[in-house]
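Basis for what follows: all heavy atoms, side chains included, without hydrogens, waters or symmetry-related copies. Nothing fancy with the numbering, it's 1 onward along the sequence. Fair warning: this is a prediction, and the values are worked out from it, not measured in the lab.
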Amino acid sequence: MSVMTVGGPISADSLGRVLVHEHVQISYAGEQLDPKPGLPRAERIEVAVTRMNELAGQGVRTFVDPCPIDLGRDVDLLAEVSERSGMQIVCATGFYHEHDAVGIPYYWRQRWPEEIAELFLHEIDSGIGPSRIRPGVIKIATGQEVTRHERKVLEGAAIAARESGLPVITHTESSKWGSVQQDILEAGGVDLSRCLIGHQDEHTDFAPLEEITKRGSFVGIDRIGSNRLISDDSRADTVAALVAGGLADQVCLSQDHLCCLPAPRDPFWIPPDRKEWFDREIRPSLEEEMFGRPHTYLFTDFLPRLASRGLDAAMIDHLLVDNPRRLLAGE
Ligand SMILES: [Zn+2]
């Protein structure tokens, strides 16, 4: 089976090492109205091309950017980065979650699941915008609770996944509700073995991961390097436990890391009376983690942690080549 990239379909054999959940950029609704200039498009492309070249040096040939429609998705920018770097980039259709009022545009909140599916299937079949670039994955997301609108979007995504055969990549908050995502997808007739339940890094106990894998899906240990959420040693322990537990076929590794933010101001709230403290105590390390940390971090800093837990080179390739291939291409 072939896999759709922003540059067109490619064969499963040419996927190579895959990072299943990364971003070139993300942005938030309304940001485009800011009179203050943000990072120019040409500079964003430059940063991304540099990062793609660094990843190519680590054997990565495919970069999945599951940015949903409502989080600043720009498929033409992805296509340009892909063309200039040679990296195979896969983009997504789908909506984000309602948590903190980030995602799901108002108009689409009023729609039935069938209408939402119509949008996703239109993008899958006819392409996105004038350049008609086609998504290779469907993205879904839930927040701290699974809300009514999120549920409808998931039901719509399930119809689109069932009809198109595209894989599903999910976002979870605090690693919660993966099984509920599976329930909704399964009820919609989706093949759970083509679903990656994402951001499962924050579990420290094995049972919820086993529960997800038992139903056939992949689990994403896919926020590697975000030590604010949980330590990479804990992530490495989790991966080692999954492998030791016979679940090596159902683990995907990634970082959910971004190359840049176009926004001219912070995309999060800082109380005015905390601004000085934030700039002094938090910002330097936050910016280092967000922009200083290269995309090659997974290879330079995380893989050695897996090696020290007994995972050999063949197992690493299994996690970075074979598993993403089965997720994306079904073979
Ligand atoms: Zn993400």
Side-chain angles (χ1 to χ4, degrees), residues 1-24 48-49 51-67 75 78-93 123-125 127-128 132-139 160-169 190-198 213 216-222 224 239 242-243 247-255 295-296 298-299 303 306 311-331:
M1 199 197 280
S2 67
V3 173
M4 185 57 69
T5 74
V6 294
I10 60 169
S11 77
D13 287 334
S14 61
L15 285 166
R17 277 186 163 180
V18 181
L19 293 181
V20 292
H21 192 137
E22 305 291 341
H23 299 286
V24 166
V49 167
R51 289 191 169 225
M52 297 305 149
N53 291 338
E54 289 166 357
L55 281 174
Q58 298 289 346
V60 175
R61 295 184 65 186
T62 308
F63 182 101
V64 181
D65 183 343
C67 181
V75 297
L78 296 182
E80 207 171 324
V81 171
S82 172
E83 210 177 313
R84 285 197 33 201
S85 63
M87 183 64 71
Q88 301 168 147
I89 300 181
V90 176
C91 74
T93 186
E123 292 201 332
I124 293 164
D125 295 334
I128 299 159
R132 303 194 135 212
I133 288 166
R134 292 165 64 189
V137 300
I138 297 170
K139 170 72 172 289
R162 190 187 66 221
E163 290 196 9
S164 67
L166 284 197
V168 176
I169 291 181
V190 177
D191 174 0
L192 291 185
S193 75
R194 299 288 309 291
C195 299
L196 168 66
I197 305 301
T213 52
S217 303
F218 294 92
V219 289
I221 305 301
D222 53 11
I224 291 166
V239 174
L242 286 162
V243 169
L247 300 172
D249 290 345
Q250 289 170 269
V251 184
C252 289
L253 306 179
S254 208
Q255 300 164 121
H295 264 84
T296 48
L298 186 149
F299 299 91
L303 292 188
L306 294 185
L311 274 69
D312 62 13
M315 180 53 74
I316 301 293
D317 264 352
H318 189 61
L319 303 180
L320 289 171
V321 178
D322 303 339
N323 290 352
R325 176 186 166 129
R326 264 185 295 110
L327 169 70
L328 296 174
E331 58 181 68

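- Between I133 and C91, some side-chain heavy-atom pair lies under the 4.5 Å cut-off.
- The shortest side-chain heavy-atom distance between M52 and V24 falls under the 4.5 Å cut-off.
- The OG1 atom of T5 lies 12.0 Å from the CZ atom of R61; values are rounded to the nearest 0.5 Å.
- Taking the side chain as every heavy atom from C-beta outward, L78 and F63 never approach each other to under 4.5 Å.
- Remark: the backbone N or O of G198 is not paired with any side-chain donor or acceptor of D222 at under 3.5 angstrom.
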How far apart are the C-alpha atoms of V3 and Q88, what are their side-chain angles, what is the distance that settles it, and do they pass the side-chain contact (heavy atoms from CB on, under 4.5 Å) test? CA-CA 10 Å; V3 173; Q88 301 168 147; over 6 Å; no

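- Legend: residues meeting ring-ring contact (aromatic ring centres under 6.0 Å, His included) with H21, ordered by chain and number and at least two apart, are H23, H199.
- Put simply, the side chain of Q58 never gets that close to the backbone of F299: no donor and acceptor are under 3.5 Å apart.
- Between L306 and L253 there is a side-chain heavy-atom pair separated by less than 4.5 Å.
- Every residue meeting the side-chain contact (heavy atoms from CB on, under 4.5 Å) condition with E163, not counting sequence neighbours, appears here in chain and number order: L121, I159.
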Run the side-chain hydrogen bond (donor to acceptor under 3.5 Å, both in side chains) check on E123 and T93 step by step: do they pass? CA-CA 7 Å; E123 292 201 332; T93 186; 2.6 Å; yes

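- I316 has its side chain within reach of R17: a pair of non-hydrogen atoms, C-beta onward, lies under 4.5 Å apart.
- Between I128 and P135, the closest side-chain pair of non-hydrogen atoms falls below 4.5 Å.
- Distance CG/D322 to CG/L327: 12.5 Å, rounded to 0.5 Å.
- Checked by atom type and distance alone, the side chain of E54 never pairs as donor or acceptor with a backbone atom of H295 at under 3.5 Å.
- Residues forming a side-chain contact (heavy atoms from CB on, under 4.5 Å) with D191 (at least two apart in sequence, or on another chain): S193, R194.
- E22 contributes a side-chain N or O that, together with a main-chain N or O of Q255, makes up a donor-acceptor pair within less than 3.5 Å.
- Panel note: side chain S82, backbone M87; a donor-acceptor pair is recorded below 3.5 Å.
- Remark: the backbone N or O of L15 is not paired with any side-chain donor or acceptor of R325 at under 3.5 angstrom.
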Test log, rule side-chain contact (heavy atoms from CB on, under 4.5 Å), inputs V64 and L328: CA-CA 10 Å; V64 181; L328 296 174; 4.1 Å; yes

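- Rounding to the nearest 0.5 Å gives a distance of 7.0 Å between CG of L19 and CG of L320.
- Put simply, the side chain of N323 gets close to the backbone of V251: a donor and an acceptor are under 3.5 Å apart.
- Taking CD1 of I224 as the reference point, atom OG of S254 lies at 7.0 Å (rounded to 0.5 Å).
- Distance CG/L298 to CD1/I221: 11.5 Å, rounded to 0.5 Å.
- With respect to V49, the side chain to side chain contact (heavy atoms under 4.5 Å, CB included) criterion is satisfied by exactly one of R84, E83, E80: R84.
- Within the 4.5 Å cutoff, the side chain of L55 has no heavy atoms near those of the S85 side chain.
- Side-chain N or O atoms of S164 include one that pairs as donor or acceptor with a backbone N or O of A160 at under 3.5 Å.
- Side-chain N or O atoms of R134 include one that pairs as donor or acceptor with a backbone N or O of I124 at under 3.5 Å.
- Partner of I169 under the side chain to side chain contact (heavy atoms under 4.5 Å, CB included) criterion, out of V90, V137, I138: V137 alone.
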